[in-house]
Amino acid sequence: MNTAYRAIGIDSIGVYVPRLYVDLTAEWAKVRAPVLTRGDVDKLVGKVVDGVGVRRMAVVDAHQDCATLAAMAAKRVIDASGIDPRDIDYLAVGTETTVDQSKSMAAYVLGMLERHYGVSLAEVGAPQFQFACIGATYALESAVSRIRAGDNTKPYSLVIASDVSKYPLRTAGEYTQGAGAVALLICENPRVLVLERGLSATVTRDERDFFRPNGQSSAVVDGKYSIDVYLDCMEAALDAYAKRVESAIGVGADRLYEAIDAFCFHVPFPRMAEYASARVLGRLWSSSPEARARLVAEGASAEGMPRKDFERALAKTALFRSAFDQKVAPSLALAREVGNIYSGALYLGLVSFLEETRSERLAGRRIFLGSYGSGASAKVLSGLVAEPYRSLVDGLRIRDDLRPAAEGGLRTPLSVAEYERLHELSDRERGISVHAPRREFALERLGTSDSPERTDVGYRYYGWVDG
Ligand SMILES: CC(C)(COP(=O)(O)OP(=O)(O)OC[C@H]1O[C@@H](n2cnc3c(N)ncnc32)[C@H](O)[C@@H]1OP(=O)(O)O)[C@@H](O)C(=O)NCCC(=O)NCCS
């Protein structure tokens, strides 16, 4: 079989965001202002909404964790695409928060899907990829490579990114939490995005910007440093990607900006995508004399200016603002409502872009995917929007569903007391849910047996609850 020119990529996408959320502009801001902004509530709201870019953050209920979120996203993509789950032969999960120190979270998800659909998935490979927020991109790469190599025996692979992002209460990380999962159905001749063969580049550096030591449920993060490492790794991956594009399709760095119609970045918080855009677009424009001249005319000259100052000046230019509004901003709408979902954040950005531009015709356009995981690795890849992608977009109503129930959506706001109770629940207890599970996968109980007949202390039992 000639495998050289097969179109492989994303056929459908399922998103699941837990319904509970904290409104960062309401009670939370009043309670936190004394600790974070010396009592100035407006300053805290301004910082979170305008400076960081997020309004609401999704929170998991007591019966939810990243395995149930992953299974919900998987169910959504299976049901929406109408495939038979027995046509899946690989189920890879990317997660950095996981539910077990040994067992692959994909095996838990596989079990939930088997019991729910009444099928056997016994011959399905089910690995977990862990590398901070980039794990799902490594999972995607492996799924695509298997199909390209002809190693699959069934048409579909499922790649799921799922995380619950948690930082200690009352810290600068707290307002960049979130929770959610994105499931990508991967196959040949995909209906949404054809990943461009050979057009991807990876960079890895041994870094300490963000980590979560064994036994700890919150991450340790050197916030400002993590931004610098993200930008440096993304830039290095971009340079490597640009070289590949030039040799594969003859588009030089000076023309690369025009050849890309949308930039989706890893979004730990929406403002980060603006910093990444300044770095990436600044880099691309540096190869174009015309763009350089326009920037200089607008007060942003790379020569003689420290890099940070140059990027701040660049971010204020009309050239940047219009490029950002058109090619980046649509990817950030969902993140403002959800917060950081770690491994799924890039793919939530892709869905956001497709949903926000639903009135445009994107078929054939090139989308840049800039993936990043602390610790640290960046990957740049690109895809061409497939002709039938509208079949997915027409069915999307994620932004509407993310409105509070009182405004016609599906979400329930939490009081600070309820949120803090859920935040402080340990992984080793199943607390009381705010909403009893209903028509969803749920953590039903934790094992307690420790006898010669059966040992399951701490084992997580999941099931579908009709409610
Ligand atoms: C992201 C993080 C470092 C931000 O921390 P912070 O203490 O809130 O950061 P800052 O004080 O720099 O404020 C953030 C922005 O808000 C701006 N800001 C502050 N107050 C503001 C206000 N009232 N109105 C508008 N903007 C405001 C700041 O100027 C800054 O923007 P700038 O970079 O353009 O100067 C912190 O939330 C964190 O550690 N998050 C987790 C780690 C993470 O997500 N890393 C990303 C890489 S993976």
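All values below come from the heavy atoms of this structure, side chains included, with hydrogens, waters and symmetry mates left out. Counting starts at 1 for both ligands and their atoms, following the listed order. Note that this is a predicted model, so its numbers are computed, not measured.
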Open item on the list: I'd like to know if R307 and E235 make a salt bridge, using a cut-off of under 4.0 Å between side-chain N and carboxylate O.
Closed with: yes
- [ ] Go through ligand 1 atom by atom and flag the ones less than 4.0 Å from a non-hydrogen atom of V221.
- [x] 42 (C)
TODO: Answer with yes or no whether F210 contacts ligand 1, where contact means a heavy atom under 4.0 Å from a ligand atom.
DONE: no
- [ ] May I ask you to establish whether R321 and F324 are in a cation-pi arrangement, using a distance under 6.0 Å from NZ or CZ to the six-membered ring centre and at most 45° from the ring axis?
- [x] yes
- [ ] Would you mind checking which non-hydrogen protein atom is closest to atom 9 (O) of ligand 1, with the distance to 0.1 Å?
- [x] K224 CE, 3.6 Å
Open item on the list: Assess whether a salt bridge exists between R212 and E96, defined as any Lys/Arg side-chain N lying under 4.0 Å from an Asp/Glu carboxylate O.
Closed with: no
Task: Min side-chain heavy-atom separation M72-Q64 under 4.5 Å - done: no
Open item on the list: With the threshold set strictly below 4.0 angstrom, can you tell me whether any protein non-hydrogen atom sits that near atom 29 (O) of ligand 1?
Closed with: no
Task: Heavy-atom nearest option to atom 16 (O) of ligand 1, drawn from S165, G51, S226 - done: G51
Open item on the list: Just checking R312: does its CZ atom have more than 12 heavy atoms from other residues, nucleotides or ligands closer to it than 6.0 angstrom?
Closed with: no
TODO: Run the numbers for me: atoms of ligand 1, each under 4.0 Å from some heavy atom of R312, listed by number.
DONE: 32 (P), 33 (O), 34 (O), 35 (O)
TODO: Provide, to 0.1 Å, the distance between atom 25 (C) of ligand 1 and the closest protein heavy atom, together with that atom's residue and name.
DONE: G46 O, 3.4 Å
Open item on the list: Once rounded to the nearest 0.5 Å, what's the spacing between atom CZ of R19 and atom CG of L410?
Closed with: 7.5 Å
- [ ] Provide the number and element of each atom of ligand 1 under 4.0 Å from a heavy atom of A172.
- [x] 5 (O), 7 (O), 36 (C), 37 (O), 38 (C)
TODO: Would you mind checking which non-hydrogen protein atom is closest to atom 6 (P) of ligand 1, with the distance to 0.1 Å?
DONE: Y175 OH, 3.5 Å
Task: E174 heavy atom under 4.0 Å from ligand 1 - done: no
Task: Minimum-distance protein heavy atom relative to atom 23 (N) of ligand 1 - done: K43 O, 3.2 Å
TODO: Test Y342 against every option in F269, F131, F210 by the ring-ring contact (aromatic ring centres under 6.0 Å, His included) rule and name the one that passes.
DONE: F210
- [ ] Compare V45, T176, I227 and give the one whose heavy atom is closest to atom 41 (C) of ligand 1.
- [x] T176
- [ ] Out of E274, K47, R271, indicate the one that has the non-hydrogen atom closest to atom 11 (O) of ligand 1.
- [x] K47
- [ ] Salt-bridge test for R283 and D239: reply yes if a basic N is under 4.0 Å from a carboxylate O, no otherwise.
- [x] yes
Task: Considering all heavy atoms, the nearest E174-Y167 contact - done: N-CB, 4.0 Å
Open item on the list: Students should be able to answer this: which protein heavy-atom is nearest to atom 32 (P) of ligand 1, and at what distance?
Closed with: Y275 OH, 3.6 Å
TODO: Flag atom 2 (C) of ligand 1 as yes if some protein heavy-atom distance to it falls below 4.0 Å, otherwise no.
DONE: no
Open item on the list: Less than 4.0 angstrom from a charged side-chain N to a carboxylate O is my criterion; do D50 and K47 meet it?
Closed with: no
